[in-house]
Amino acid sequence: QVQLVESGGGLVQAGGSLRLSCAASGSTISSYVMGWFRQAPGKEREFVAASSWSGGQTYYADSVRGRFTISRDNAKNTVYLQMNSLNPEDTAVYYCAAGSGGRGQGSYDYWGQGTQVTVSS
């Protein structure tokens, strides 16, 4: 069982940056692919980024590639999402997830409670 707690969300102006953190407990994240998803108001939750067990492979949604970077520190049991060049379309609740990988939500077994990111124009 893995418990995930996200932090680092907030209000930022367009063009700004935020770094989200996801702290895990109960089990080591080195056993899992770690992913970030987001859900904007009135929309389905969507894939943002994922990191392989070692962090050697990363995957991104087209909408964030080149602006967002996922990273992980297995020693600290934490995964990060660095978000640069934010725009209002990035406004959403961001969720951290742990599982066997992929872009589909069904591949992830454990989810955090989410952190709100709001980008003002």
Side-chain angles (χ1 to χ4, degrees):
Q1 192 81 3
V2 181
Q3 291 79 45
L4 303 171
V5 179
E6 303 95 336
S7 61
L11 174 64
V12 63
Q13 289 188 330
S17 299
L18 282 175
R19 188 174 85 151
L20 305 183
S21 298
C22 174
S25 61
S27 181
T28 174
I29 64 170
S30 61
S31 301
Y32 299 95
V33 172
M34 299 300 295
W36 286 96
F37 290 76
R38 69 185 181 184
Q39 186 169 20
K43 295 187 177 181
E44 298 288 321
R45 188 158 58 184
E46 64 177 3
F47 170 79
V48 174
S51 169
S52 63
W53 292 274
S54 66
Q57 290 182 306
T58 55
Y59 309 89
Y60 297 95
D62 290 342
S63 59
V64 307
R65 186 176 291 111
R67 300 188 298 122
F68 291 11
T69 303
I70 186 172
S71 62
R72 62 194 294 163
D73 186 335
N74 287 344
K76 293 183 178 180
N77 232 23
T78 301
V79 63
Y80 306 97
L81 185 68
Q82 177 67 44
M83 306 186 295
N84 299 329
S85 301
L86 286 161
N87 60 61
E89 289 70 39
D90 296 315
T91 295
V93 177
Y94 284 71
Y95 298 89
C96 174
S100 58
R103 297 171 181 261
Q105 298 179 52
S107 298
Y108 294 85
D109 302 307
Y110 304 102
W111 293 83
Q113 83 289 347
T115 186
Q116 176 70 48
V117 172
T118 303
V119 185
S120 64
S121 57

* **N84-S17 side chain donor-acceptor pair, cut-off 3.5 Å** => yes

* V117 and L18: which non-hydrogen atoms are nearest, and at how many Å? -> CG1-CD1, 3.9 Å

* Treat each ILVMFWY residue as a node, draw an edge where side-chain heavy atoms are under 4.5 Å apart, and state whether Y95 and V48 are in one component. => no

* Show your working on side chain to side chain contact (heavy atoms under 4.5 Å, CB included) between C96 and M34 and close with a plain yes or no. => CA-CA 7 Å; C96 174; M34 299 300 295; 3.7 Å; yes

* Asked: Can you check whether T69's main-chain N or O pairs, donor with acceptor, with Q82's side chain at less than 3.5 Å?
  -> no

* Gap separating the CD atom of E6 from the CG atom of L81, nearest 0.5 angstrom -> 11.0 Å

* To do: Would you check if the side chain of R72 reaches a backbone N or O of S52 as a donor-acceptor pair within less than 3.5 Å?
  => yes

* Structure fact -> Of all heavy-atom pairs linking F47 and G102, the shortest is CE1-O, 3.9 Å

* Asked: Is there a donor-acceptor contact under 3.5 Å from the side chain of R103 to the main chain of Y60?
  -> yes

* To do: Show your reasoning for whether side chain to side chain contact (heavy atoms under 4.5 Å, CB included) applies to V93 and R45.
  => CA-CA 9 Å; V93 177; R45 188 158 58 184; over 6 Å; no

* Asked: Looking only at atom types and distance, does a side-chain atom of S27 sit under 3.5 Å from a main-chain N or O of V2, one as donor and one as acceptor?
  -> no

* Asked: Below 4.5 Å, heavy atoms only, C-beta onward: do V33 and Y108 meet side chain to side chain?
  -> yes

* What pair of heavy atoms forms the shortest contact from A24 to L4, and how long is it? -> CB-CD2, 3.6 Å

* To do: Can you label the angle between the Y110 ring and the Y32 ring as parallel, tilted or perpendicular, going by 30° and 60°?
  => perpendicular

* Structure fact -> Taking every heavy atom of T78 against every heavy atom of S21, the minimum-distance pair comes out as CG2-CB, 4.4 Å

* Do the side chain of Q39 and the main chain of Y94 share a donor and acceptor less than 3.5 angstrom apart? -> no

* May I ask you to check whether F37 and W111 place their ring centers less than 6.0 Å from one another? => yes

* Rounded to the nearest 0.5 Å, what's the gap from CG on D109 to CD on Q1? Could you check? => 9.5 Å

* Asked: How far apart are the closest heavy atoms of A92 and R38, and which atoms are they?
  -> CB-CB, 3.8 Å

* Under 3.5 Å: donor-acceptor pair, side chain of N74, backbone of W53 -> yes

* Is there a side-chain contact between Y80 and D73 (heavy atoms, below 4.5 Å)? -> yes

* To do: Step by step, work out the side chain to side chain contact (heavy atoms under 4.5 Å, CB included) result for V64 and M83.
  => CA-CA 8 Å; V64 307; M83 306 186 295; over 6 Å; no

* Determine whether Q113 and V5 make a side-chain contact, defined as any pair of heavy atoms from C-beta on separated by less than 4.5 Å. => yes

* Is there a donor-acceptor contact under 3.5 Å from the side chain of T115 to the main chain of S7? -> no

* To do: Determine whether F68 and W36 make a side-chain contact, defined as any pair of heavy atoms from C-beta on separated by less than 4.5 Å.
  => no

* Hey, does the side chain of S63 reach the backbone of A61 with a donor-acceptor pair shorter than 3.5 angstrom? -> no

* To do: With rounding to the nearest 0.5 Å, note down the distance linking CG in N77 to CD in Q3.
  => 10.5 Å

* **Nearest-0.5 Å distance that lies between atom CG in L86 and atom OG in S120** => 10.5 Å

